[in-house]
Amino acid sequence: QAQLVESGGGLVQPGGSLRLSCQASERTFSSYAISWFRQAPGKEREFVAGITYSFGSRGYADSVKGRFTISRDNAKKTVYLEMSGLKPEDTAVYYCVARSSRGNLNDLKSYETWGQGTQVTVSS
């Protein structure tokens, strides 16, 4: 059974908006943190945004601050990534990831559970 399932990707014009969803299993949802990373063609995976379980603390990459918002719905066991003001450079596969250990949200190597990814393409 998949522990993290992303949805909501697609094609959007520059300046547009999308909302990504990450449905988690009950155990995975109560992990220390769930975050979004992305990977563009030819580039390394990079941190986008993250949120902790206990206090709902949030963190964002500088490139998306003010444009993206991460949130969680505990009843639905879902983490959302609201994206607005999208730019062509936001084009990437977006992955939902979870970690059970404490630490920096942007530490890629600390995440042990990954979703399959969802494609976001920003183009006119």
Side-chain angles (χ1 to χ4, degrees):
Q1 182 179 359
Q3 299 182 15
L4 293 170
V5 179
E6 303 99 331
S7 61
L11 173 65
V12 63
Q13 292 186 342
S17 300
L18 278 177
R19 186 179 77 164
L20 304 184
S21 300
C22 175
Q23 176 74 51
S25 64
E26 184 164 358
R27 179 177 180 179
T28 301
F29 189 75
S30 60
S31 298
Y32 169 72
I34 293 180
S35 297
W36 291 92
F37 281 73
R38 68 185 180 186
Q39 187 168 23
K43 295 187 177 181
E44 295 184 351
R45 289 183 181 182
E46 63 174 359
F47 173 74
V48 177
I51 186 168
T52 63
Y53 178 75
S54 296
F55 299 104
S57 300
R58 295 168 172 81
Y60 296 93
D62 288 342
S63 59
V64 305
K65 281 182 181 177
R67 298 189 298 124
F68 291 11
T69 301
I70 190 169
S71 62
R72 61 193 301 153
D73 184 327
N74 291 341
K76 296 182 178 180
K77 297 182 177 49
T78 300
V79 173
Y80 300 100
L81 184 67
E82 299 271 2
M83 307 184 294
S84 62
L86 284 163
K87 306 174 182 179
E89 51 263 44
D90 294 318
T91 295
V93 177
Y94 284 69
Y95 296 91
C96 179
V97 298
R99 58 182 291 174
S100 57
S101 60
R102 298 175 62 86
N104 292 329
L105 292 174
N106 61 358
D107 183 6
L108 174 65
K109 295 181 181 178
S110 297
Y111 289 87
E112 64 267 10
T113 304
W114 287 72
Q116 82 286 356
T118 185
Q119 177 71 47
V120 172
T121 302
V122 184
S123 175
S124 55

Looking only at heavy atoms, the pair that brings S31 and Y53 closest together is O-CB, 3.0 Å

Quick check for you: to the nearest 0.5 Å, what is the distance between L81 atom CG and C22 atom SG?
10.5 Å

Between NZ of K87 and OG of S63, what distance do you get to the nearest 0.5 Å?
8.0 Å

Stepwise side chain to side chain contact (heavy atoms under 4.5 Å, CB included) check, W36 with M83
CA-CA 12 Å; W36 291 92; M83 307 184 294; over 6 Å; no

Please report the closest heavy-atom contact between D62 and K65, naming both atoms and the distance.
OD1-NZ, 3.2 Å

Between F37 and Y111, how do the two ring planes meet: parallel, tilted or perpendicular, split at 30° and 60°?
perpendicular

Under the side chain to side chain contact (heavy atoms under 4.5 Å, CB included) rule, what do L105 and T52 come out as? Steps first, then yes or no, please.
CA-CA 8 Å; L105 292 174; T52 63; 4.1 Å; yes

Looking at residues at least two apart in the chain, or sitting in another chain, which of them share a side-chain hydrogen bond (donor to acceptor under 3.5 Å, both in side chains) with R27?
none

Looking at F29, I'd like to know if the NZ or CZ of R72 sits under 6.0 Å from its six-membered ring centre while staying within 45 degrees of the ring's axis.
yes

Cluster overlap V97 with I70, hydrophobic side-chain contacts below 4.5 Å
no

Rounded to the nearest 0.5 angstrom, the OH-CD distance for Y80 and Q23 is 8.0 Å

So E6 and Q116, side chain to side chain contact (heavy atoms under 4.5 Å, CB included) or not? Walk me through it.
CA-CA 7 Å; E6 303 99 331; Q116 82 286 356; 2.7 Å; yes

How far apart are the closest heavy atoms of Y60 and R58, and which atoms are they?
OH-CD, 3.7 Å

Between R99 and E112, is there a side-chain heavy-atom distance shorter than 4.5 Å?
yes

Counting neighbours of CD on E89 that are heavy atoms of other residues, nucleotides or ligands and sit closer than 6.0 Å, is the number greater than 12?
yes

Any L4 side-chain heavy atom under 4.5 Å of Y95 side chain:
no

Name the atoms and distances for all side-chain donor-acceptor pairs under 3.5 Å in residues 7-20, with sequence neighbours left out.
none

Connected via hydrophobic side-chain network under 4.5 Å: V122 and V48:
yes

Same apolar cluster (I L V M F W Y, side chains within < 4.5 Å links), F68/I51:
yes

How about T28 and Q3: does a side-chain donor come under 3.5 Å of a side-chain acceptor?
yes

Are side-chain heavy atoms of T91 and R38 found at a separation under 4.5 Å?
no

For a side chain to side chain contact (heavy atoms under 4.5 Å, CB included) check, start with the C-alpha distance between S100 and Y32, then their side-chain angles and the critical distance, and finish with the verdict.
CA-CA 5 Å; S100 57; Y32 169 72; 5.5 Å; no

Validation row: R67, D90 side chains within 4.5 angstrom (heavy atoms):
yes

